Amino acid sequence: MLLDKFEPMSRVQAELAALGIKPFGAVTEQLLSATEGVVEGRRVILAGTNNYLGLSFDPRCIAAAQAAAARWGTGTTGSRMANGTFAEHLALEAELADLYRVPHAMVFTTGYAATQGMCATLAGPGDVILLDADSHASIYGGAQLSGAEVIRFKHSDPADLEKRLRRLGERVANTLIVVEGIYSMLGDTAPMREIAAIKQEYGGLLLVDEAHSLGVLGDQGEGAAVAAGVGAAVDFFVGTFSKSLGATGGFCATPHAELEAIRFSTRAYIFTASASPSVVASTRAALAIMRAEPELRTRLWDNARQLYDGLKALGFRVGPNPSPVIAVTLTDRDQAFAWWRRLLEAGVYVNMVVPPASPSGDSLLRCSISAAHSRAQIEQMLAAFAALRTDAAG
Amino acid sequence: MPDYNSYVQFICNLLQTQQKSASRPLSESTDLIADVGLSSLQVMELIEKLEDHFDLSIPLNILPNITTIGDLATQLHSLKH
């Protein structure tokens with residue numbers, strides 16, 4: 001039967017309902033600030049929202065969105081290819097091109113559409129996409145749609161990437177290498193210098209998805225590649241507005257003039273309505289703040305270190321280095337569900353991640369830190385995690 | 001260059017060393033998931049080992065065509081030749 005394949009998912013949902021928890025699709029009933037809200041009836045600290053710079057409640061971004069809605073209306077009602085290209089979209093594209101010091105940029109309606117659309121369009125039948133094994137679902141989805149041969153290399157393993165490029169021989173000229181700046185689940189940063197050096201030696205084109213590194217790394221928040229000093233080796237900077245910039249949407253910035261042809265060859269760009277003017281306006285305001293206020297990044301990293309060091313001291317299994325994404329790894333899925341509920345009861349909302357969304361067979365209690373978190377809030381997060389340990393010991 | 005049977009034998013040996021107690025003898029018709037009980041993650045780990053050993057890359061596109069040890073051996077043989 002057509003719908004039988006959904007039975008395992010329905011079973012998991014029933015299991016969770018029986019436990020009285022809703023880790024997937026938990027309802028936020030009220031937002032009190034960038035870091036506090038009411039989730040599933042409880043007032044909680046938001047420690048799983050990817051709101052790295054805390055700009056979703058910045059008064060300048062809100063004012064820009066309000067002014068744009070008043071001026072342009074609530075939506076564009078059309079594709080960028082038809083009636084949906086407004087001056088605001090072009091201004092944002094020029095600002096993104098300026099951020100990366102490249103001549104071309106295009107804006108997508110969502111971050112998913114940006115990565116999926118670029119991967120699906122840049123490569124085609126006869127080409128090769130060489131992607132990091134831990135790539136986001138949008139990258140895998142785009143690669144599959146492209147019709148290209150898709151090869152994965154071991155996560156953040158430059159030697160494995162090199163080996164696979166060598167095996168491709170002359171086909172390297174038709175190869176798109178895809179990596180992420182910071183990986184969304186474990187928060188680790190890609191070894192950009194090594195990857196860029198290998199790309200320069202072997203050839204191919206390099207696409208870097210800076211979704212979780214935009215605003216987080218680099219003097220102006222450009223992301224992992226520019227922060228590592230290898231921006232010149234990148235052919236396509238891709239990213240999203242839905243994390244550090246507190247909105248929705250995505251982009252691609254590139255030195256390649258072909259972007260203007262790619263723009264109207266990309267289904268995810270053409271066959272959807274363009275971003276609403278209010279969203280574009282708040283994104284532009286957030287982008288300007290991201291570039292002009294490096295102190296936000298300083299605060300973000302201070303906060304990240306406080307949580308990372310605290311969790312490590314409590315004996316939790318976290319990643320190798322501090323990062324604004326800090327995932328506590330658990331081998332037992334049921335324990336992860338129970339602990340997620342305990343954290344919510346203690347006033348802390350984190351993301352629950354289970355296979356296959358997690359990169360291994362483990363489950364994750366994934367925290368994301370914001371520049372807007374206070375030290376007291378992080379202490380409360382740590383106290384909630386410490387209580388899990390105490391309960392387990394008891 | 002190894003022939004098809006060499007690939008089958010190599011995969012069987014690799015799986016046997018991983019399995020503490022093989023419930024039944026492995027052959028080209030053995031289903032990697034239904035018979036051996038590999039998870040999708042373990043299938044990817046097996047493929048990485050084969051890629052390293054035979055110095056080739058197995059495209060993800062062909063994975064839907066691989067169910068049995070024989071299917072995997074066929075793909076390895078085809079990619080290597």
Side-chain angles (χ1 to χ4, degrees), chain A residues 5 8 119-120 123-135 137 139-157 159-169 171-172 174-178 185 202 204 331 333 354-363, chain B residues 1-4 6-7 10-11 14-23 30-81:
Chain A
K5 57 180 151 314
C119 290
D127 299 327
V128 178
I129 294 183
L130 194 43
L131 50 77
D132 184 285
D134 282 7
S135 290
I139 294 170
Y140 274 101
Q144 195 176 7
L145 280 174
S146 72
E149 189 174 304
V150 184
I151 295 170
R152 63 177 217 165
F153 65 93
K154 290 176 190 167
H155 174 54
S156 284
D157 185 336
D160 196 53
L161 170 63
E162 181 171 15
K163 198 160 52 184
R164 290 172 193 276
L165 282 167
R166 173 182 52 75
R167 287 171 188 158
L168 285 169
R171 296 185 71 199
V172 164
N174 287 73
T175 296
L176 178 69
I177 304 162
V178 184
M185 288 296 111
Y202 284 85
T331 47
R333 194 192 68 160
V354 295
S358 57
S360 63
D362 295 326
S363 297
Chain B
M1 285 283 183
D3 62 9
Y4 167 79
S6 309
Y7 288 113
F10 186 85
I11 297 165
L14 199 58
L15 288 170
Q16 265 152 3
T17 56
Q18 285 178 342
Q19 286 180 300
K20 288 193 172 69
S21 56
S23 53
T30 302
D31 188 300
L32 291 166
I33 292 172
D35 298 331
V36 185
L38 297 185
S39 66
S40 54
L41 196 66
Q42 287 169 323
V43 169
M44 293 314 298
E45 286 168 359
L46 171 68
I47 281 173
E48 280 180 5
K49 282 181 187 157
L50 294 169
E51 288 178 322
D52 282 344
H53 183 83
F54 293 109
D55 193 27
L56 49 76
S57 294
I58 301 176
L60 297 183
N61 318 53
I62 64 173
L63 294 189
N65 303 326
I66 297 174
T67 305
T68 64
I69 289 173
D71 295 335
L72 189 49
T74 302
Q75 294 294 346
L76 288 171
H77 187 257
S78 155
L79 287 165
K80 201 66 188 170
H81 297 263

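A quick note: this is a predicted structure, and the numbers were derived from the prediction, not measured. We use all heavy atoms of the structure for the numbers below, so side chains are in, but hydrogens, waters and symmetry mates are not. Reminder, nothing fancy here: chain letters follow the sequence lines and each chain counts from 1.
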Does A:Glu162 CD have over 12 foreign heavy atoms under 6.0 Å away?
yes
Bottom line for B:Leu60: the part with an atom under 4.5 Å from chain A's heavy atoms is both
So do A:Arg167 and B:Leu79 actually touch side chain to side chain, heavy atoms under 4.5 Å?
no
Please list, chain by chain and in numerical order, all residues satisfying ring-ring contact (aromatic ring centres under 6.0 Å, His included) with B:Phe10, sequence neighbours excluded.
B:His53, B:Phe54
Applying a strict 4.5 Å limit to non-hydrogen atoms, the region of A:Arg164 in contact with chain B is both
Which distance, rounded to the nearest 0.5 Å, do you find between the CZ of A:Arg152 and the CD of B:Glu48?
5.0 Å
With respect to chain B, which residue among A:Ile129, A:Val150, A:Leu168 yields the maximal number of heavy-atom pairs within a distance under 4.5 Å?
A:Val150
Under 4.5 Å from any heavy atom of chain B - which part of A:Tyr140:
side chain
Show, in sequence, the C-alpha distance, side-chain angles and deciding distance for A:Lys163 and B:Glu51, and conclude whether the salt bridge (charged side-chain N to carboxylate O under 4.0 Å, His left out) test is met.
CA-CA 10 Å; A:Lys163 198 160 52 184; B:Glu51 288 178 322; over 6 Å; no
Separation of B:Ser57 OG from A:Asp160 CG (nearest 0.5 Å)
7.5 Å
Roughly how far apart are A:Ser358 OG and B:Leu41 CG, rounded to 0.5 Å?
8.5 Å
Proximal component of A:Ala148, with respect to chain B [non-hydrogen, under 4.5 Å]
backbone
